[in-house]
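Have a look at the structure below before the remarks.
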Amino acid sequence: MARLPILRFPDPRLYQKAVPVTVFDADLRSLIANMAETMYAAPGIGLAATQVNVHRQVIVIDTSEDHKRLQVFINPEIIESVGTQFCEEGCLSVPGIYEEVERAEQIKVRAADGEGRIFTLAAEGLLAVCIQHEIDHLKGKVFVEYLSRLKQSRIKAKLQKQQREMA
Ligand code: GNR
Ligand code: NI
């Protein structure tokens, strides 16, 4: 297992659209294991392959307290969404920024697991928010794009300053 470097907003590679997974092999299982390790180490409650510069439709999520409920979503699709909720979101690709975003309250998602078995899952609350946030990453969308342009440019400036200070 290995920790993978996470791309930071506004890295243009975060805007790439992920392609569906067609082969469920050892390579995919190793990507999933490395993404899980990277997410737990960060720490975060979700990670999309896009964030580690792999442009395939792979998501890992664990919203449990004890880090024992890893959920894997390959080629996920939201097939139903109901209601709205507002949640203060953060993102490992936008470190230190937390902003309120509107999402569906309840969703049904269809996906494959790491072995290629199709399942559907009903989710609400934080899990539903996280799934929507991760599916956005696979489409090349970062949560800050829901914010005003003024907020977006302030966030860009702040992260670019952070990067300069680290260099
Ligand atoms: O760790 C994360 N926390 C979080 C909190 C509220 C809404 C969404 C998230 S996802 C985020 C990890 C991440 O960046 N996933 O792409
Ligand atoms: Ni994110």
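As a basis for the values below, the full set of heavy atoms in this structure was taken, side chains included, without hydrogen atoms, waters or symmetry mates. Note that ligands are numbered from 1 as they come in the structure, with each ligand's atoms numbered from 1 the same way.
When NE2 of His133 and SG of Cys91 are joined through the Ni ion (ligand 2), the resulting angle is 110° to the nearest 10°.
Polar contact check, Leu92 against ligand 1: a nitrogen or oxygen pair lies under 3.5 Å apart. Residue Gln51 places at least one N or O, backbone or side chain, under 3.5 Å from an N or O of ligand 1. For ligand 1, none of its N or O atoms has an N or O atom of Glu89 under 3.5 Å away.
Relative ring orientation between Phe119 and Phe73 is described as tilted, the plane-to-plane angle lying within the 30° to 60° band.
Counting heavy atoms closer than 4.0 Å to ligand 1, residue Glu88 contributes backbone atoms (N, CA, C, O) but none from C-beta onward.
Remark: minimum distance from atom 2 (C) of ligand 1 to any protein heavy atom is reached at Ile45 CG1, 3.5 Å. Among protein heavy atoms, atom 15 (N) of ligand 1 sits closest to Glu134 OE2, 2.7 Å.
Thr84 places no side-chain N or O within 3.5 Å of a backbone atom of Arg103 that could act as its donor or acceptor partner. In this structure, the side chain of Ser81 does not engage the main chain of Ala104 through any donor-acceptor pair within 3.5 Å.
Taking every heavy atom of Gly44 and a limit of under 4.0 angstrom, the matching atoms of ligand 1 come to 1 (O). Within the listing of ligand 1, atoms 16 (O) sit less than 4.0 angstrom from a heavy atom of His137. Listed by number with element, the atoms of ligand 1 under 4.0 angstrom from any heavy atom of Cys91 are 14 (O).
Cation-pi geometry between Lys141 and Tyr146 is met: the NZ or CZ atom falls under 6.0 Å from the ring centre, inside 45° of the normal.
Cluster membership for Leu7 and Ile59, using ILVMFWY side-chain heavy atoms within less than 4.5 angstrom, is not shared.
Using modelled atom types, one finds a donor on one side chain and an acceptor on the other under 3.5 Å when comparing Ser93 with Gln51.
Taking all heavy atoms of Gly46, Pro43, Ser93, Gly90 into account, the minimum distance to atom 12 (C) of ligand 1 is reached by Gly46.
Checked options Asp62, Ile131, Leu127; the residue passing with Gln71 is Leu127 (criterion: side chain to side chain contact (heavy atoms under 4.5 Å, CB included)).
In this structure, Phe143 has its ring center at least 6.0 angstrom away from the ring center of Tyr98.
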